[in-house]
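Report on the following structure.
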Amino acid sequence: MKVPKHPTLIRRFLTARQKQFQANGPILAASLVTIRRRCGNPNCHCQQGEKHPGHYLTWKHKSKTHTVYVPTDLVDQVKEWTQEHRRLKKLAQEMTQLTLALIKTHVTERRRRQPKS
Ligand SMILES: [Zn+2]
């Protein structure tokens, strides 16, 4: 996103994002990762060959990393929930940039509207 210079345009950009800033379902502030593990069965092929892939969610809470196993039939849904979080996070970052731009243009705008007498 390129931040516009004119406050009218900035406000228009902001309004458009405010309208999109609504969760379309559950949101998950976590990363979905695939981890390959050995199952523990000494006769299983994974002891020598390819390990079993499994899906996990990792997230940070109070600077500690947490992990939870995601059952295969939930993976697609979990993916949507994490994507929804990413979408809202991106919008929040863009709105922050735009609001900061609004603050920066405030002084110039005020000068333009109230010329020195
Ligand atoms: Zn195995």
Side-chain angles (χ1 to χ4, degrees):
M1 180 199 63
K2 203 174 176 288
V3 180
K5 294 251 186 294
H6 199 275
T8 310
L9 216 54
I10 297 173
R11 283 188 199 278
R12 202 176 298 157
F13 269 52
L14 265 170
T15 310
R17 275 150 191 83
Q18 277 160 230
K19 281 178 188 153
Q20 297 168 48
F21 199 65
Q22 191 180 28
N24 298 320
I27 70 161
L28 247 177
S31 324
L32 189 63
V33 292
T34 307
I35 299 174
R36 290 177 188 278
R37 285 190 169 160
R38 292 197 170 96
C39 65
N41 177 354
N43 300 317
C44 186
H45 66 84
C46 69
Q47 293 302 315
Q48 271 90 39
E50 205 175 310
K51 296 175 196 167
H52 305 280
H55 299 279
Y56 294 82
L57 271 175
T58 68
W59 70 97
K60 272 193 170 182
H61 184 69
K62 290 181 179 170
S63 69
K64 245 189 100 181
T65 304
H66 301 264
T67 305
V68 72
Y69 173 73
V70 181
T72 309
D73 59 338
L74 260 184
V75 168
D76 285 344
Q77 206 157 45
V78 165
K79 219 174 268 176
E80 276 175 32
W81 296 345
T82 56
Q83 274 164 2
E84 189 58 6
H85 171 255
R86 226 170 299 145
R87 185 181 71 84
L88 292 174
K89 193 177 153 188
K90 190 178 168 243
L91 281 172
Q93 283 166 347
E94 287 180 353
M95 287 192 287
T96 298
Q97 274 183 281
L98 291 162
T99 309
L100 287 171
L102 213 54
I103 294 168
K104 284 173 193 165
T105 58
H106 182 77
V107 180
T108 13
E109 269 312 286
R110 198 174 46 192
R111 271 185 205 138
R112 198 182 306 177
R113 278 182 199 162
Q114 305 169 330
K116 274 178 222 159
S117 46

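When reading the values below, keep in mind they use all heavy atoms of this one structure, side chains included, and skip hydrogens, waters and symmetry mates. First listed ligand is number 1; within each ligand, the first listed atom is number 1.
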(request) Give the C-alpha distance, both sets of side-chain angles, the deciding distance and a yes or no for side-chain contact (heavy atoms from CB on, under 4.5 Å) between His55 and Val78. (result) CA-CA 10 Å; His55 299 279; Val78 165; over 6 Å; no
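Gln47 places a side-chain N or O within 3.5 Å of a backbone atom of Asn41 that can act as its donor or acceptor partner. Using modelled atom types, no side-chain atom of Arg17 and backbone atom of Leu91 make a donor-acceptor pair closer than 3.5 Å. Listed for the Arg111 side chain is no donor-acceptor partner under 3.5 Å among the backbone atoms of Val107.
At a cut-off of 2.8 Å, measuring from the Zn ion (ligand 1), the protein N, O or S atoms that fall short of it are Cys39 SG, Cys44 SG, Cys46 SG, His52 NE2, waters left aside.
Between Tyr56 and Tyr69, the ring planes lie perpendicular to each other; the angle is over 60°, past the 30° to 60° tilted range.
Under the salt bridge (Lys or Arg N to Asp or Glu O under 4.0 Å) criterion, Lys90 pairs with Glu94, not counting sequence neighbours.
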